[in-house]
K.L.:
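Quick one: the structure is below, questions incoming.
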Amino acid sequence: GMVLSCSLESAGEFVPRSAVPFICLSQFPRAYINQAAEVGLWVILRPGPYICSEWDLGGLPSWLLRDKDMRLRTTYEGFTEAVDAYFDKLIPIVVPLQFKKGGPIIALQVENEYGSYAMDKEYMPYIKEALLSRGIDELLMTSDNKEGFKQGGVNGALGTINLQKLKHQHIKHLATAQPHKPKMVMEYWTGWFDSWGDLHHIFPPEDMANVVTEILRKDMSINLYMFHGGTNFGFMNGALEFNIYKADVISYDYDAPLSEAGDYTVKYLLLRDIFSRYHSERLPDMPTLSRKAAYENSIMYQHVSMWEALQYTEGPFKSESPVNMENLPVNNDNGQSYGYTLYETQINRGGVLHSQNNVRDRALVFVDQQFIGILKYKTVELAVPDGKGVRKLSVLVENCGRVNYGKVLDQQRKGLVGDILLNNIPLKDFTIYSLDMKPGFIDRLSGAHWKVAPDAPTVPGFFQGRLFVDGYPRDTFVKLPGWSKGVVFINGQNLGRYWSIGPQQTLYLPGPWLHSGINQIIIFEEQEAEKKVLFVDTPDLGMTVDIQ
C-alpha cells in the first residue's frame, strides 16, 4: 500500500540466498511475487546468487568457504555446482511468474554489479545462460556503478547504472555504450548504510528530490534503492574492507523514504508529489501508520555465565591447530556460519600473545576465565601476565560480519584463520566451542539453571528478563544504556547486535516478534552489563552526518 500510494510501478526484489534454505524456497518467492501482483506491482527480479545488499558475504552461504580453493563469483567448478543446484530449485518457481506467462515479472537482473568484481570473463555469460536454459524469457538487465559499467555487462542484457548524484558523464556513458536503448537508473541510492564506530548517514530530502526529478525529466527509468531499507536481523549484516575492515550496523534504515519501522518521511512525501505528476489518476490514499509502543523496562534478573553455557553448544571439538568456523564439524558438516567461536588451550608461562592477524574479526582473551584484553585487526599483540603452573587461555572470536562488496570475498573465513603465537611459538592442542547462538542453543540455554544476577555478574554472560505486553503487540525499539556490546534475543530469536560505540542506539523490534502476555528477553553481553533494558517508541540511530 505504501509503495502504491507513492505510485511506483514496479518493485526490484533480491532473492536472499542464504536466508532461504531449499525447504522453504518453494513458498517464499512464489508468495512474495504473487503478493506484488495482487497489489498491482510489476517485478524486476534479481535472483543472484550474489546480491551484495550489505548482507553477510552478499547473501552467499558461508559453507562455500569450506573449500580452501573456492573462488566465489567465477566459473570455478565448486561455485558453479552450488549455483546450478540453487537455480535448479529457484528458477522453476520463477518461470510461471513471468509476464509472458501471465505473471508480474517483467525483467530479471543477471547477477549484481559484477563490474566491481570482474574476476572471470566467462562468469556473466555462464549466469545468463543458466537463466535462459532454465526457461527465463523476459528482458535481462545488468546493474553497475559508473566505475564497473564497462566490465559488468553481458551480451543480450540491458546495462543499467547505479548512482546517487546524476552527472552528465553518467548519461553520456549510457548513451555511448548503448545507443538507442532505454536508460535506467537501477539503484538510485536514496540514502546510505552505517558502520559501527561511524556516524549515521543521511542524504538531504531536497537533494534526493532534485536528482529524482532530473532523472525523470531526462526520460530515464528509475528504481529506488532503498524505498524501504529495513533491518539486518540476527547476525546477517555485511561489512566493507577497503584497507580497513568496517562492519555494518543492524539497522538498514538507510535514510530511505520509508523508515526502518515503516513510517513516512519527508522523502516519502516529496516522492509522492513528484510521481503524482506522471499519473493521470489520483494516487491512492496513504495507509495509516502502525502505532509504536513504549513498554515497561525489563529487569534482567537472571544470569548464566558464558562458561556455564558452553555445555549447551554442539561439541566441543579437539584440534591440534586452530580451525576457522566454516570448517568446524558442526551443523551437519556445513560448518559454523555466524556468531562466536571459543578457542581454548593450556599455557604454562606468560609473555607476548601475537595474533599474526589471524583473528577474524574481534577476540576477547581470557586466562583462567579472567579477561586480559582484545585482539582485532589493528591490535595484534597482547601481554599475557605471568602465573604459576598450567593455566587455561581462552580466545572468544566474533564473526562481526563478512564483507559483501569488493575484491576480498574469497578471504571471508572467520574465527581463528591460522596460528596464534605465544612468545613466537604457535599454540597447539585446542578445544573449540561453536557459539552460533541459533534458536536450538537459546532453547537449551532457557532450560539451564539460571541464578539471580549478582551485583558484579561474570561476563561474558547471558542475562534473562521479561517483557509484559498487554493486548496486541506493537512495534517498539530496544534501548540498552549502560550495556557495552552483545546480542539481543526475543522469545528465542536473534534480534541483532548492539554496541555502545554506536552510531545506532536502539534496535527495531517488530510487533510480530512479541506476543500478548509474557515475552522472554535474553541478552548476551561481552563486557559490561546493566540491570535493565528499555523499550521506547522512537528510534535513535545516532549522530548524523550528510553523505559526501
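Positions are given from 1 along the sequence. Bear in mind that the values here come from a model prediction, so they are computed numbers and not experimental data.
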K.L.:
Salt bridge or not for Arg360 and Glu398, using N-O below 4.0 Å?
P.N.:
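The answer is no: the pair does not qualify as a salt bridge.
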K.L.:
Mind telling me whether Trp513 and Phe233 have parallel, tilted or perpendicular rings, with 30° and 60° as the class edges?
P.N.:
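Judged by the thresholds at 30° and 60°, the geometry between Phe233 and Trp513 is tilted.
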K.L.:
Can you check side chain to side chain donor-acceptor pair (under 3.5 Å) on Asp253 and Tyr508, steps first, answer last?
P.N.:
CA-CA 10 Å; Asp253 177 90; Tyr508 171 53; over 6 Å; no
K.L.:
Glu241 side chain to Ile244 main-chain N or O, any donor-acceptor pair under 3.5 Å?
P.N.:
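No: the side chain of Glu241 does not pair with the backbone of Ile244.
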K.L.:
With rounding to the nearest 0.5 Å, note down the distance linking CG in Asn232 to CZ in Phe193.
P.N.:
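Going from CG on Asn232 over to CZ on Phe193, the span is 10.0 Å.
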K.L.:
Is it the case that the ring center of His173 lies less than 6.0 angstrom away from the ring center of Phe149?
P.N.:
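Ring-ring flag for Phe149/His173: true, centres closer than 6.0 Å.
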K.L.:
Does Lys485 have more than 12 heavy atoms from other residues, nucleotides or ligands lying within 6.0 Å of its NZ?
P.N.:
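More than 12 within 6.0 Å, yes.
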K.L.:
Is it the case that more than 12 heavy atoms not belonging to Glu147 sit under 6.0 Å from its CD atom?
P.N.:
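Yes, the 6.0 Å shell around CD holds more than 12 heavy atoms from other groups.
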K.L.:
What's the spacing between Trp499 CH2 and Gln527 CD if we round to 0.5 Å?
P.N.:
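It is 10.0 Å, given to the nearest 0.5 Å.
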K.L.:
Is the CD atom of Gln35 crowded by more than 12 outside heavy atoms at less than 6.0 Å?
P.N.:
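Incorrect, the count does not exceed 12.
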K.L.:
How long is the gap from CG on Leu60 to OH on Tyr86, to the nearest 0.5 Å?
P.N.:
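Here the interatomic distance stands at 9.5 Å.
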K.L.:
Kindly indicate, with the supporting measurements, whether the criterion side chain to side chain donor-acceptor pair (under 3.5 Å) is fulfilled by Tyr76 and Glu81.
P.N.:
CA-CA 9 Å; Tyr76 173 73; Glu81 274 175 15; over 6 Å; no
K.L.:
Within the distance-only criterion (no hydrogens, no angle test), does the side chain of Gln178 pair as donor or acceptor with the backbone N or O of Gly159 below 3.5 angstrom?
P.N.:
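Side chain of Gln178 to backbone of Gly159, a donor-acceptor pair under 3.5 Å: yes, one is there.
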K.L.:
Show your working on side chain to side chain donor-acceptor pair (under 3.5 Å) between Ser434 and Glu314 and close with a plain yes or no.
P.N.:
CA-CA 7 Å; Ser434 167; Glu314 197 184 331; over 6 Å; no
K.L.:
Taking atom types as modelled, find out whether Asn162 and Ser143 have a side-chain donor-acceptor pair closer than 3.5 angstrom.
P.N.:
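Looking only at side-chain atoms, Ser143 and Asn162 do form a donor-acceptor pair, the distance falling under 3.5 Å.
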K.L.:
Around atom CG of Asn424, are there more than 12 heavy atoms of other residues, nucleotides or ligands at under 6.0 Å?
P.N.:
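No - once you tally the heavy atoms of other residues, nucleotides and ligands closer than 6.0 Å, there are 12 at most.
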K.L.:
With a 6.0 Å cut-off on ring centres, are Tyr50 and Trp55 close enough?
P.N.:
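Ring centroids of Tyr50 and Trp55 are no less than 6.0 Å from each other.
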K.L.:
Is the side chain of Lys128 donor-acceptor paired with the backbone N or O of Asn155 at a distance under 3.5 Å, no angle test?
P.N.:
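Yes; at least one donor-acceptor contact below 3.5 Å.
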K.L.:
Among Glu187, Glu113, Glu111, which residue meets the salt bridge (charged side-chain N to carboxylate O under 4.0 Å, His left out) test with Arg46?
P.N.:
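Only match with Arg46 under salt bridge (charged side-chain N to carboxylate O under 4.0 Å, His left out): Glu187.
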K.L.:
Can you confirm whether the side chains of Asp120 and Thr75 place a donor and an acceptor under 3.5 Å from each other?
P.N.:
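Short answer, yes.
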K.L.:
With distance as the sole test, does Thr341 use its side chain to make a donor-acceptor pair with the main-chain N or O of Gly415 at under 3.5 Å?
P.N.:
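Flag not set: sc Thr341 to bb Gly415 has no pair under 3.5 Å.
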K.L.:
Nearest 0.5 angstrom please: Lys68 NZ to Glu326 CD, how far?
P.N.:
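Output value for this atom pair is 15.5 Å.
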K.L.:
Fit a plane to each ring of Tyr343 and Phe430, take the angle between them on a 0 to 90° scale, and name the class: parallel (under 30°), tilted (30 to 60°) or perpendicular (over 60°).
P.N.:
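Geometry flag for Phe430 against Tyr343: perpendicular rings.
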K.L.:
What is the minimum heavy-atom distance between Asn237 and Ala247, and which atoms define it?
P.N.:
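Reported closest heavy-atom pair: ND2-CB, 4.2 Å.
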K.L.:
Would you please test Ile44 and Met184 for side chain to side chain contact (heavy atoms under 4.5 Å, CB included) and show each step?
P.N.:
CA-CA 12 Å; Ile44 297 169; Met184 176 164 186; 3.9 Å; yes
K.L.:
Using 30° and 60° as the class limits, which term best fits the ring planes of Tyr252 and Tyr225: parallel, tilted or perpendicular?
P.N.:
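Judged by the thresholds at 30° and 60°, the geometry between Tyr252 and Tyr225 is perpendicular.
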K.L.:
Do you see a donor-acceptor pair shorter than 3.5 Å between the side chains of Asn494 and Tyr338?
P.N.:
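No.
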K.L.:
Taking Val359's backbone N and O only, do any of them form a donor-acceptor pair with Ser355's side chain (distance below 3.5 Å, no angle check)?
P.N.:
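It does not hold such a pair.
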K.L.:
Just do the side chain to side chain contact (heavy atoms under 4.5 Å, CB included) check on Ile374 and Arg362 with the steps written out, would you?
P.N.:
CA-CA 7 Å; Ile374 293 178; Arg362 188 174 185 273; 3.3 Å; yes
K.L.:
Inspect the contact between Asp410 and Arg73 and indicate whether a charged nitrogen and a carboxylate oxygen are less than 4.0 angstrom apart.
P.N.:
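No.
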K.L.:
If you take all heavy atoms of Gly115 and Asp144, which pair is closest and at what distance?
P.N.:
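Minimum heavy-atom contact is N-OD1, 2.8 Å.
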K.L.:
Once rounded to the nearest 0.5 Å, what's the spacing between atom OG1 of Thr190 and atom CZ of Phe203?
P.N.:
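One gets 9.0 Å once the value is rounded to the nearest 0.5 Å.
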K.L.:
Hey, mind stepping through Leu421 and Leu353 against side chain to side chain contact (heavy atoms under 4.5 Å, CB included) and telling me if it holds?
P.N.:
CA-CA 6 Å; Leu421 313 178; Leu353 187 66; over 6 Å; no
K.L.:
Examine distances only and state if a side-chain atom of Thr379 and a backbone atom of Lys376 form a donor-acceptor pair shorter than 3.5 Å.
P.N.:
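The answer is no, because no donor-acceptor pair under 3.5 Å joins these two groups.
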K.L.:
Quick check against the 3.5 Å criterion: does Gln98 have a side-chain atom that pairs as donor or acceptor with the backbone of Val95?
P.N.:
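Yes; judged by distance alone, with no hydrogens or angles, the pair exists.
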K.L.:
So among Asp361, Asp248, Asp56, which one has a salt bridge (charged side-chain N to carboxylate O under 4.0 Å, His left out) with Arg402?
P.N.:
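Between Arg402 and the candidates, salt bridge (charged side-chain N to carboxylate O under 4.0 Å, His left out) is satisfied uniquely by Asp56.
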K.L.:
Which word best sums up how the rings of Trp483 and Tyr498 line up, parallel for under 30°, tilted for 30 to 60°, or perpendicular for over 60°?
P.N.:
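The arrangement is perpendicular - the two ring planes meet at more than 60°.
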K.L.:
For the pair Leu224 and Leu271, evaluate side chain to side chain contact (heavy atoms under 4.5 Å, CB included) and give the outcome as yes or no after the intermediate values.
P.N.:
CA-CA 10 Å; Leu224 303 173; Leu271 285 172; 3.6 Å; yes
K.L.:
Could you check whether any side-chain N or O of Ser319 sits under 3.5 Å from a backbone N or O of Pro322, counting only pairs where one atom can act as donor and the other as acceptor?
P.N.:
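No; judged by distance alone, with no hydrogens or angles, the pair does not exist.
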K.L.:
Give a yes or no on whether the ring-centroid distance for Tyr405 and Tyr117 is below 6.0 angstrom.
P.N.:
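Aromatic pair excluded; centres sit 6.0 Å or further apart.
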K.L.:
May I ask you to check whether Tyr123 and Tyr114 place their ring centers less than 6.0 Å from one another?
P.N.:
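Yes; Tyr114 has its ring centre under 6.0 Å from that of Tyr123.
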K.L.:
With no hydrogens and no angle check, just 3.5 Å: does a side-chain donor-acceptor pair link Gln504 and Ser251?
P.N.:
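On atom types as modelled, these side chains do not qualify, holding no pair under 3.5 Å.
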K.L.:
Do the side-chain N and O atoms of Asn327 and Asn324 include a donor-acceptor pair separated by under 3.5 angstrom?
P.N.:
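Their side chains do contain a donor-acceptor pair, which is all the 3.5 Å distance test asks for.
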K.L.:
Mark yes when over 12 heavy atoms from residues, nucleotides or ligands other than Asp69 sit less than 6.0 Å from its CG; otherwise mark no.
P.N.:
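For Asp69, atom CG is crowded (more than 12 foreign heavy atoms under 6.0 Å).
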K.L.:
Determine all donor-acceptor pairs shorter than 3.5 Å in which one atom belongs to a side chain in residues 164-172; sequence neighbours excluded.
P.N.:
residue	atom	partner	partner atom	Å
Gln164	NE2	Trp189	O	2.8
Gln164	NE2	Gly191	O	3.0
His170	ND1	Lys167	N	2.9

K.L.:
Side chains of Glu344 and Tyr433: closer than 4.5 Å at any heavy-atom pair?
P.N.:
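Sidechains of Tyr433 and Glu344: in contact.
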K.L.:
Going through the distances and angles, do Lys438 and Asn331 end up as a side chain to side chain donor-acceptor pair (under 3.5 Å)?
P.N.:
CA-CA 10 Å; Lys438 293 207 292 213; Asn331 196 13; 3.3 Å; yes
K.L.:
Cationic tip of Arg134 within the cone over Phe87's six-membered ring, i.e. under 6.0 Å and within 45° of the normal?
P.N.:
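Arg134 over Phe87 ring: no.
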K.L.:
Between CD of Glu260 and OG1 of Thr231, what distance do you get to the nearest 0.5 Å?
P.N.:
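That separation rounds to 3.5 Å.
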K.L.:
Any luck finding a side-chain donor-acceptor pair between Arg66 and Asn334 under 3.5 Å?
P.N.:
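Distance-only check fails for Arg66 and Asn334.
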K.L.:
Within the distance-only criterion (no hydrogens, no angle test), does the side chain of Gln109 pair as donor or acceptor with the backbone N or O of Leu140 below 3.5 angstrom?
P.N.:
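Absent.
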K.L.:
Okay, side chain of Thr160, backbone of Thr142: is any donor-acceptor separation there less than 3.5 Å?
P.N.:
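Yes, Thr160 side chain to Thr142 backbone: donor-acceptor pair under 3.5 Å.
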